[in-house]
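Some notes on the structure that comes next.
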Amino acid sequence: MMSFSLGQLGLIVLGYLFTLFFTAYAVERGWVPRRWVRHPLVYVFSLGVYASAWAFYGSVGMASHYGYGFLAYYLGISGAFIMSPILLRPLLHITRIYQLSSLADLLAFRYRSRLAGMLVSIFTLAVIIPMLTLQISAVADTLHLLNGDWPATTLAFGFCMVMVLFAVLFGARHVSPREKHEGLVFALAFESLVKLVAILILGGVVLFGVFPQVGGLEQWLTDNQALLVNQQITLQEGPWRTLLIVFFAAAIVMPHMFHVTFTENINTDALKPASWGFPLFLLLMSIAVPPILWAGVYLEVDTPPEYFALGIGLQLQSPLLVMITFLGGLAAASGVMIVMTLATAAMFLNHLVLPFHKPSPRHDFYRWLLWMRRALIAGILLLAYTFYRLLGVDLDLNRLGILAFVAALQFLPGVLGLLYWPKSNRKGFLSGLIVGIVAWLYGMLLPFSAARMGWNPPFTMPAVDESNWHLAAVTAIGLNVLLFVVVSLSTKQKASEISAADACSIDTLSRPSRRPLIAGNSNDVITALSKPLGRYVAEREVYQALTDLDLPSYEDRPYALRRLRARLEANLSGLMGPTVAHDIVTRYLPFQENAELSEDIYQIEQRLEGFHDRLSGLAGELDNLRRYHRQTLERLPMGVCSLADDGEILMWNQAMTELTGIQALQVTGAHLSRLPSTWSGLLQTFVQSESMHEHKKQIDIDGRPRWYSLHKSVIKASGSQPGGIVVLMEDQTETQMLEEELIHSERLASIGRLAAGVAHEIGNPITGIDCLAQNIRYETENPELLEIAGQIQEQTKRVSRILQSLMNFAHAGNHSTEHEPVAIAHVVEEAMQLLRLSKRSQDIEFVNQCDNSTLVLGDPQRLVQVFVNLLSNARDASEAGQKITVSSSADEHQIVIRVIDEGHGIEKDKLDRIFEPFFTTKEVGKGTGLGLSLVYNIIEEHYGHIAIESPVAAERGTCVKVSLPSYQSNEDPEPAV
């Protein structure tokens, strides 16, 4: 028979394992593109870890015993994944929210029992020890088949030592025990691909290389039908129904499947393609099993049926086929051993070590956890090797697999009760589990082991073999379910169990209350947790929880502290198990006594969002209605603030954020008193007053007056509905400013009408004075009188110009849409004349440098209004003795007028808002903020453009640049002035 040296086999084993480790290491180092690592196909292939050495070798033995009944191994778990929306997805949701990393975590969390976690961890040994022994036995036996120089037990020990090293490298290299092992998941996907390709290659060789080319397999099956049937138990007589249930449960309760399906899941949406992709993977694996069995019988391979896959290559004298097959079996065994030891070590650490021994807060807690996990990994593999030496050598792969899967089945009632039976309790679960495991020990493990070891116990044991083991399995799970139901119905749940049942049930929603913590802020939380964890660990965990919740490093809102407490418990649960985490949080972060308040509506609504995709029918319609009304309130153009009875803010819509500048996340869960003083004073005063409406309440924001109207409605508590207050707030600032501007405009209009009347009445005497001065000039030759007459005429002309400017300004509102040529120098001069009438302008020098020949198309009265506004702003920004200059320049189509002052300038952050209505840089009460807005509109009406540059030079001064269309004509008409 073909043989391989131990060096060759060792090189293959170590080479494959190093390749697997390098694959994981490359992912951790970022050498593999992220989109590949997180692709759903990687998750689907990583689930292939389920196909262990039993799938690669043992399924052929199952096919030899049960015929097509071997398909139950694949169909059972495929059914669980097809039902993932009602089975796996709810479990993934629970494990992700509460950071539950193992089956013991999940059941201890649901049944609020430290004993439940401990017993599940201990009884998990009944699952993992036969399962690990199966992998060790498969690899040792195949190594022995390929090299008979060394006994299988020695080869098994060497393989176990190698696997200890690689299990530590894969899952216990880093200090943080809570991380996701993306590298491990990618390596498992690679491992699944290797064994799938290996078994398909073997199946292809069998179909096309062993049997004759045309009709050979079909003819051989026809000729040897009796031979195949006689050595098999038919589906009708065999335990196929039990097999289906057993393998269905494996998707949830087997430690390696729980770890990959839930703990290492990064993307919850990956379960959707996995619900059909993983069954397809198992179908491809199963296709090759019957041809391998038939080829082994046809070639009269002298190995046991479970090793026909390797024996075919040996029989065909094909070293390449033997190595491919051996590599596939090694991949199947090593993958499940790594994941199972990692998952079980974490479970033992959380439920068997930490409840009884925690390091002193002065020690490095994280490093202690790391080394403890490494020790547990080594201990678990050595325990499996010990079982292999005692029993596993004498048990075939089929019996080892059945032992492991039937033991795992005992956890299924607790998981289904967790999801679908809120009334189940810990007493029922523990009673059923203990009796089920005892029945498994008595009905399966002892008969299997005693028959192989020749042990005669002092008590009677059932005779169990491949044909009737299912009776013992059904008895064990039947007693388990019976006690689970009876004890749960006959005993009462504790309050903590009811709360946990609400948190886990897919049909109910927990209703948290708004009880405040004794800790008043996040620093108090750190101080409290420093007692059991140490200062360093407490700070790290609190800051991590705050980061997870997107909260600031210092938090004192009651709602935020409740969220922080829940997140800390979840994070600590992932670190040290839910039982220890719950004890620490309950003891060191308690709620205030006698402070039971109403339900936390905001948190309930947040949780409803997580259940949205599970609701259907009437519940789905009601949730859609809730979401619609929520969006209506959020998008309402009026500020809405919902308050609890004690003033805690439950809702803060988008309009409130825009009105106050305070984000909803910053205030939700806080009391009104914790708002900035301006807003807390306004809202608290209104809420505490008896008035239901208050109009135009004035407050100062950034030194500017703002006006708000407030309305409130009181919601009275009734039944389960909590009471509270709803406050509506609307901004009345623009309305108030418009009203003041209208009053101001009406006042200006009255002054304009008065100015027009005064100018008319003064005009007649001025005309008379001018006539008298002219008469003096004509009637005398006296130089002194002539000089006096000239001065009188000059002053009367000045008065006339002032009167004309007043008349023009008084009629500024009566502008027409017809534009005419306007001399810009005359417009600027007229504006300056008006400003010089004010006492505030007496210390300011106005300089008009505009070209008299420069003409623009426009309305002269409106343009005067523009420059009055611009020059008055420049004057207000200037100090006594400074100069304001207006100049003009022309190009082919435009006239550019620049108004330059030497004042304090405008801040850069205000330049973008300078033309907004009601925005002003002046002090309160000295400007309405409408002047430049009006200027902007007038310039737009003239098809021009206005821009502001500030500062102009030496960090001072402002330049306003106005561009207007120039007037060009062959004629020289008299320009409007």
Side-chain angles (χ1 to χ4, degrees), residues 1-21 23 48-49 51-61 132-163 166 187-188 190-206 209-210 285 288-289 291-293 295-296 299 301-338 388 396-397 400:
M1 180 178 288
M2 188 187 316
S3 178
F4 296 83
S5 69
L6 189 61
Q8 291 175 318
L9 296 176
L11 187 63
I12 292 173
V13 172
L14 292 175
Y16 167 75
L17 291 175
F18 271 114
T19 301
L20 201 64
F21 173 73
T23 303
V49 71
S52 65
W54 197 19
F56 201 87
Y57 295 126
S59 57
V60 180
L132 291 175
T133 302
L134 188 155
Q135 317 308 317
I136 295 170
S137 179
V139 174
D141 289 347
T142 53
L143 286 171
H144 187 67
L145 284 173
L146 300 179
N147 184 295
D149 297 338
W150 291 73
T153 53
T154 303
L155 295 171
F157 181 76
F159 178 65
C160 280
M161 292 299 98
V162 172
M163 290 311 301
F166 279 93
L188 291 177
F190 173 77
E191 171 260 330
S192 297
L193 188 61
V194 168
K195 64 191 175 192
L196 176 63
V197 170
I199 201 168
L200 290 179
I201 289 175
L202 180 60
V205 170
V206 165
V210 173
M285 288 285 295
V289 172
I292 292 172
L293 173 64
L299 295 173
V301 175
D302 58 357
T303 65
E306 53 261 36
Y307 297 121
F308 275 179
L310 199 64
I312 291 171
L314 294 172
Q315 192 75 15
L316 295 176
Q317 296 293 306
S318 172
L320 178 61
L321 184 61
V322 171
M323 285 298 97
I324 290 174
T325 306
F326 174 73
L327 195 61
L330 176 64
S334 59
V336 72
M337 289 181 72
I338 290 171
Y388 167 76
D396 57 28
L397 301 186
L400 285 169

Main-chain N/O of A55 paired with K195 side-chain donor or acceptor, under 3.5 Å: no

Any donor-acceptor N/O pair, E191 side chain to V49 backbone, under 3.5 Å: no

Heavy-atom closest pair, residues I312 and A295: CD1-CB, 3.8 Å

Minimum heavy-atom distance L17-M163, with the two atoms named: CD1-SD, 4.0 Å

Verdict with reasoning, V322 to Q315, per side chain to side chain contact (heavy atoms under 4.5 Å, CB included): CA-CA 10 Å; V322 171; Q315 192 75 15; over 6 Å; no

Chi angles and distances behind the side chain to side chain contact (heavy atoms under 4.5 Å, CB included) call for T153, Y388: CA-CA 8 Å; T153 53; Y388 167 76; 4.2 Å; yes

Please tabulate, for side-chain N and O atoms in residues 136-150, each donor-acceptor pair with protein atoms closer than 3.5 Å (sequence neighbours left out).
from : atom 1 : to   : atom 2 : distance (Å)
S137 : OG     : D141 : OD2    : 3.3
D141 : OD2    : Y307 : OH     : 2.7
T142 : OG1    : A138 : O      : 2.9
T142 : OG1    : V139 : O      : 2.8
H144 : ND1    : W150 : O      : 2.9
N147 : OD1    : D149 : N      : 3.0
N147 : ND2    : F4   : O      : 2.6

How many angstroms lie between [atom1] in [X] and [atom2] in [Y], if you round to the nearest 0.5 Å?
X	Y	atom1	atom2	value
Q8	I12	CD	CD1	7.0 Å
L330	Y16	CG	OH	6.5 Å
L202	I324	CG	CD1	9.0 Å
C160	M337	SG	CE	5.0 Å
L299	L314	CG	CG	11.5 Å
F56	L310	CZ	CG	9.0 Å

Parallel, tilted or perpendicular: ring planes of F21 versus F166, cut at 30 and 60 degrees: perpendicular

Worked check of side chain to side chain contact (heavy atoms under 4.5 Å, CB included) between L134 and V336: CA-CA 11 Å; L134 188 155; V336 72; over 6 Å; no

Pair listing, salt bridge (charged side-chain N to carboxylate O under 4.0 Å, His left out) test, anchored in residues 51-60, at least two apart: none

